[in-house]
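What follows is one structure encoded as structure tokens, with my remarks underneath.
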Amino acid sequence: MKTVDGQIFKNLVISGANNLYNCYPEVDALNVFPVPDGDTGMNMNLTMTSGAKEISSRNDTDIYVIAKTFSKGLLMGARGNSGVITSQIFRGIAEGLKDKKEVDAKGLAEAFENGAKVAYKAVIKPVEGTILTVIREASSKLSKSVTSKMSIEEALKILKDEAYASLERTPNLLPVLKEVGVVDSGGAGLCRIIDGMYDCLLGNFIERHEASALEVSTSSAQTQFDEEEFGYCTEFILRLGPTDSKKAFNKNRFTNVLNSHGNSLVVVQDEDIVKVHVHTLRPGDIFNYAQQFGEFVKLKCENMTEQHHEILFNEENKNGPHMAASELKKAPLAAPKLNEKPKEKQKYALIATSSGKGIDELFNEIGVNYIVSGGQTMNPSTNDFLNAIESANAEIVYIFPNNGNIIMAANQAKDVLEGKVDVHVIPTKTIMQGVVAAMNFNSELEAKDNTETMEDAIGSIKSGAVTFAIKDTEINGVSVKKDQFMAIRETKDIISCHKDKFKALFALLDGLIDEDSAVVTILCGEDINEKEMNKVKKEFEKKFEYVDIDIRKGDQPVYSFIVGVE
């Protein structure tokens, strides 16, 4: 094949997206940090799926039109740093194809090289040994090797071979990869995409492996729901297997998928029995997904919306069918709900990423107007932030991403709205950084001064967390065992690992509290009950008698404790 037009390019990138979908759990497994989150493979998969969906029904033969449309889909669906970088690679490729109806191998090489340049520009501090290195070295090799007579198949073979060679070299550039014994996960995801594109050229279009609609959904608008929608209280007990007819069960992946399609999730596994509780708008999808791994022992599904309406009806009719006019006058006005769009345009609005009812309430208390659901287990997309900004209906918007892997998606939303809304992304990498930054917002200050004040406030708090490990590894000299609890200082510094989550908590506190510490905030996860909270408080007050403690339910998944020290 000598040239590629729009329809061929469309098939190439959809085949690449499908190949990544089929392989993304393997990409996730390469992640260095042993925490239970959606991570690189999932984020790149959801990003690519968003782009593929955008072009799937397009019949354009103009390669630039298809590439530009695909790039836009990636942009809107980009999740996590890996997803944003992937979207920027294809944005650069689209720019390199501008005004072209079709390209030969040389034109394709130029487009890929431009993709690498645009991706590097999008990252403030590019790190070598990552997806950036893989795309740069692969596209550079292709550009140096390509000739005007070369076929498209030959060109992509060069790109693919050098991408894999570059991937194998990543541990030499990033010491932590060598320490853990893996290659870069983002680079591996990119190689799977290029693999799928190359196979398509050879006549082997990659189809997605059979999966439920639940697992492949990419729109958080379809999967997340406001508390007022209620949905269905869904519970079931599942017996796993047999392995010859059912998929292999991975609790972390299973939990991530369900968590992204509902809330109030609890997943408990005891050998081959899995018990699940989740609130969702689509219980049928939950059941269909779960049945891939086993058969149901018990099922229960209750419509919480109907229950709520019945309660309201009973309350309204306690004193007769209608409220008296005198009582109506005495009735308090309803308080504005978090996430409710103001009728009139506001001057300021604060938007925070949060995961957990208690954390949502905390942000509400300190003046945050809009919550974007997500966090470690499911990074929100650029489009999620765009929807939040629209709902906030304000002239000046401040975003608190509260996760280092979400900052790029927030900044991408800011870029999309440049000139329309004055958006400021405060680079908070933890929930507690977001809390202290939001508390320092002052409506009397100018926008720039507020940004500086809130960014300065980030440095006034030390953060940490306790969560379980998803694999055995050794990182920074700490031996980590699967299912044990890690004490993590800031975002990546593992202090120690313990069988007991409470020992991990106090090891973390020992590492964070010093003679200058005045107040400690502890947000307890959904796995911590009231009795355990009181026990932690008593032990804390005994051990750190000169430091004030604010302990409350955060109800966050995955993390047993989130800690902030001021």
Side-chain angles (χ1 to χ4, degrees), residues 72 75-79 84 87-88 91 122 124 219-221 224 226-228 333-355 359-375 379-404 406-460:
K72 182 181 178 182
L75 172 76
M76 302 302 282
R79 297 173 188 267
V84 173
S87 74
Q88 291 300 308
R91 176 188 170 195
I124 296 174
S219 171
S220 62
Q224 301 294 334
D226 295 331
E227 189 177 346
E228 63 186 301
L333 294 174
K337 295 178 181 177
L338 196 68
N339 290 7
E340 190 175 73
K341 185 174 181 178
K343 294 180 180 179
E344 296 181 1
K345 200 172 191 70
Q346 309 296 302
K347 183 175 182 181
Y348 293 109
L350 308 184
I351 296 172
T353 301
S354 173
S355 178
I359 299 176
D360 293 352
E361 291 172 353
L362 174 58
F363 277 122
N364 193 11
E365 288 172 17
I366 61 177
V368 170
N369 311 92
Y370 200 96
I371 293 294
V372 174
S373 296
N379 297 156
S381 67
T382 299
N383 198 47
D384 291 331
F385 284 112
L386 291 173
N387 288 336
I389 294 168
E390 180 185 358
S391 296
N393 195 26
E395 297 173 13
I396 303 169
V397 173
Y398 295 95
I399 299 178
F400 308 97
N402 302 334
N403 186 306
I406 297 174
I407 293 174
M408 288 186 73
N411 275 316
Q412 197 152 259
K414 172 186 174 180
D415 293 342
V416 170
L417 293 173
E418 188 173 4
K420 298 177 183 176
V421 181
D422 186 10
V423 179
H424 299 256
V425 178
I426 311 301
T428 53
K429 294 182 179 180
T430 68
I431 290 292
M432 294 313 304
Q433 286 183 359
V435 169
V436 75
M439 287 175 68
N440 277 269
F441 170 75
N442 184 343
S443 61
E444 301 300 317
L445 295 180
E446 295 296 322
K448 183 180 177 182
D449 294 332
N450 252 321
T451 297
E452 292 176 356
T453 299
M454 290 189 283
E455 288 181 349
D456 288 343
I458 293 173
S460 69

Compare all side-chain heavy atoms of Thr353 with those of Asn403 and state whether any distance is below 4.5 angstrom.
no

Could you check if a side-chain atom of Val416 sits within less than 4.5 angstrom of a side-chain atom of Leu75, using non-hydrogen atoms only?
yes

What are the two closest heavy atoms between [X] and [Y], and how far apart are they?
X	Y	result
Leu350	Asn369	N-OD1, 2.7 Å
Asp360	Ser354	OD1-OG, 2.5 Å
Asn440	Val436	ND2-O, 2.7 Å
Pro380	Ile406	CD-CD1, 3.5 Å
Glu455	Pro427	OE2-CD, 3.7 Å
Asn379	Arg79	O-NH1, 2.9 Å

With rounding to the nearest 0.5 Å, note down the distance linking [atom1] in [X] to [atom2] in [Y].
X	Y	atom1	atom2	value
Ile396	Glu446	CD1	CD	7.5 Å
Asp422	Lys448	CG	NZ	12.0 Å
Ile458	Met432	CD1	CE	13.0 Å
Thr382	Met76	OG1	CE	7.5 Å
Phe363	Ile351	CZ	CD1	12.5 Å
Lys414	Leu386	NZ	CG	13.5 Å

Just by distance, do the side chain of [X] and the backbone of [Y] share a donor-acceptor pair under 3.5 Å?
X	Y	result
Ser87	Val84	yes
Ser460	Asp456	no
Asn402	Thr428	no
Gln346	Glu344	yes
Asp384	Ser381	yes

Determine, step by step, whether Ile389 and Val423 satisfy the side-chain contact (heavy atoms from CB on, under 4.5 Å) criterion, reporting the C-alpha distance in whole Å, the side-chain angles of both residues, the deciding distance to 0.1 Å, and the verdict.
CA-CA 9 Å; Ile389 294 168; Val423 179; 4.0 Å; yes

Establish, yes or no, whether a centroid distance under 6.0 Å links the rings of Phe441 and Tyr348.
yes

